[in-house]
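Reading through the structure tokens given below for one structure.
Along the sequence shown, residues carry numbers from 1. Everything numeric in this text was worked out from a predicted model, so none of it was measured.
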Amino acid sequence: MALVAANKNKDFDLTLMSEEDQEKYSGPSIRCVLFELDSEIYGINVKKIREVLRVGSIRKVEGSGYNVLGVINVRGVIVTVVDTRLSYGISPKAIDDLSRIIIVELDDDNIVGMLVDCVLEVKDIPEKQFESMSATKEGASRYLQGIAHFNGNVIILVDVDSMFKV
């Protein structure tokens with residue numbers, strides 16, 4: 001009973017699960033904004049996200065990096081927007097109605113926008129569901145913090161601090 005009471009704010013009912021499943025989904029969790037890139041589900045810790053925006057006008061900046069789409073003005077703050085697909089080595093995709101820009105706070109002074117295919121939802125994922133990535137991260141995998149198997153999906157947790165490290 002204590003287990004159920006501790007997880008009342010979860011969006012699933014632990015009383016309907018087997019004891020083995022209850023153990024898997026109990027304990028501390030990470031609240032993530034889930035988004036899609038090329039049919040894969042990714043997550044970013046909600047603590048790093050300022051807001052999610054529809055894609056508006058993106059002003060190109062000559063000489064910027066291969067994955068930089070340009071800049072946007074978010075209530076007087078100029079934000080660099082990167083194409084997350086290109087950052088992960090995925091071929092680019094045309095912006096459509098489902099495309100979103102996730103505004104990520106790297107620290108008090110630095111924010112960046114990540115263009116994604118679509119934003120799915122906000123989920124609390126138990127920390128014990130995440131498997132850490134190997135210590136030898138290379139290429140796009142250096143941007144990934146871990147992988148979780150949750151509710152029949154594979155969720156890739158993005159390490160935004162590593163992704164935008166200068």
(message) Is the distance between the ring centroids of Phe130 and Phe150 under 6.0 Å?
(response) no
(message) Would you say that Val122 contacts Leu34 through its side chain, given a criterion of any heavy-atom pair below 4.5 Å between the two side chains?
(response) no
(message) Side chains of Arg31 and Lys123, heavy atoms from C-beta outward: is any pair under 4.5 Å?
(response) no
(request) Measure the shortest side-chain to side-chain distance between Met114 and Val81 over non-hydrogen atoms and say whether it is less than 4.5 angstrom. (result) no
(request) Determine whether Glu36 and Val116 make a side-chain contact, defined as any pair of heavy atoms from C-beta on separated by less than 4.5 Å. (result) no
(message) side-chain contact (heavy atoms from CB on, under 4.5 Å), that's the test. Do Ile111 and Val77 meet it? Break it down for me.
(response) CA-CA 9 Å; Ile111 58 176; Val77 176; 3.8 Å; yes
(message) Go through it in stages, so that I can follow the logic: the residues are Glu51 and Arg75, the test is salt bridge (Lys or Arg N to Asp or Glu O under 4.0 Å), and I'd like the CA-CA distance, side-chain angles, deciding distance and then a yes or no.
(response) CA-CA 12 Å; Glu51 61 188 304; Arg75 291 178 288 287; 2.4 Å; yes
(message) Test of understanding: clusters of I, L, V, M, F, W, Y form through side-chain heavy atoms closer than 4.5 Å, transitively. Do Ile103 and Val160 belong to the same one?
(response) no
(request) Working to the nearest 0.5 Å, report the span between CD1 of Ile44 and CD1 of Ile49. (result) 4.5 Å
(request) Please round to the nearest 0.5 Å and tell me the distance separating atom NZ of Lys93 and atom CG of Leu115. (result) 8.5 Å
(message) If we ignore hydrogens and angles and just use 3.5 Å, is the side chain of Asp96 paired with the main-chain N or O of Leu98 as donor and acceptor?
(response) yes
(message) Is there a path of hydrophobic side-chain contacts, each under 4.5 Å between heavy atoms, that joins Val33 and Leu144?
(response) yes
(message) Can you give me the closest heavy-atom contact between Ser29 and Asp124, atom names plus distance?
(response) OG-CB, 3.7 Å
(request) Taking only Lys NZ, Arg NE, NH1 and NH2, and the carboxylate oxygens of Asp or Glu, determine whether Lys48 and Asp161 approach each other closer than 4.0 Å. (result) yes
(message) Side-chain heavy atoms nearer than 4.5 Å, only ILVMFWY residues, links allowed to pass through others: does that put Val52 and Phe164 together?
(response) yes
(message) Looking at every heavy atom in both Ala94 and Ser99, which two are closest together, and how far apart are they?
(response) O-OG, 4.4 Å
Please list, one pair per line, the donor and acceptor atoms closer than 3.5 Å that link side chains of residues 56-70 to other protein atoms, with sequence neighbours excluded.
unit_1, atom_1, unit_2, atom_2, d
Ser64, OG, Val61, O, 2.8
Asn67, ND2, Ser87, OG, 2.8

(request) I would like to know whether Ile41 and Val154 meet side-chain contact (heavy atoms from CB on, under 4.5 Å); could you show each step before the answer? (result) CA-CA 7 Å; Ile41 300 174; Val154 174; over 6 Å; no
(request) Kindly give the heavy-atom pair with the smallest separation between Gly43 and Cys32, and that separation in Å. (result) CA-CB, 4.4 Å
(message) Would you compute the distance between atom CD1 of Ile101 and atom CG of Asp83 and round it to the nearest 0.5 angstrom?
(response) 10.0 Å
(message) With clusters defined by side-chain heavy atoms of hydrophobic residues (ILVMFWY) lying less than 4.5 Å apart, directly or transitively, does Val112 cluster with Ile72?
(response) no
(message) Please report the interatomic distance OG(Ser91) to CG(Leu86), rounded to the nearest 0.5 Å.
(response) 8.5 Å
(message) If I take atom CG from residue Asn45 and atom CG from residue Asp159, how far apart are they, to the nearest 0.5 angstrom?
(response) 10.5 Å
(request) Taking all non-hydrogen atoms of both residues into account, name the closest pair between His149 and Gln129 and its distance. (result) O-OE1, 2.6 Å
(message) Within a 6.0 Å radius of atom CG on Asp107, are there more than 12 heavy atoms belonging to other residues, nucleotides or ligands?
(response) yes
(request) Grab the two heavy atoms, one from Asn73 and one from Gly76, that are nearest each other, plus how far apart they are. (result) OD1-N, 2.7 Å
(message) Starting from Val79, can I reach Val71 by hopping between I/L/V/M/F/W/Y residues whose side chains sit under 4.5 Å apart?
(response) no
(message) So if I apply the side chain to side chain contact (heavy atoms under 4.5 Å, CB included) rule between Phe35 and each of Leu120, Ile102, Asp117, which one comes out positive?
(response) Ile102
(message) So Asn110 and Thr80, do their side chains get closer than 4.5 Å, heavy atoms only?
(response) no
(message) Any non-hydrogen side-chain atom of Tyr88 less than 4.5 Å from a side-chain atom of Met163?
(response) yes
(message) Contact between Ile125 and Ile155 at the side-chain level, heavy atoms closer than 4.5 Å - yes or no?
(response) yes
(request) Evaluate the side-chain proximity of Pro92 to Arg85: yes if any heavy-atom separation is below 4.5 Å, no if none is. (result) no
(message) If you compare all heavy atoms of Ile30 against all heavy atoms of Leu157, which two are closest, and at what distance to 0.1 Å?
(response) CD1-CD2, 4.3 Å
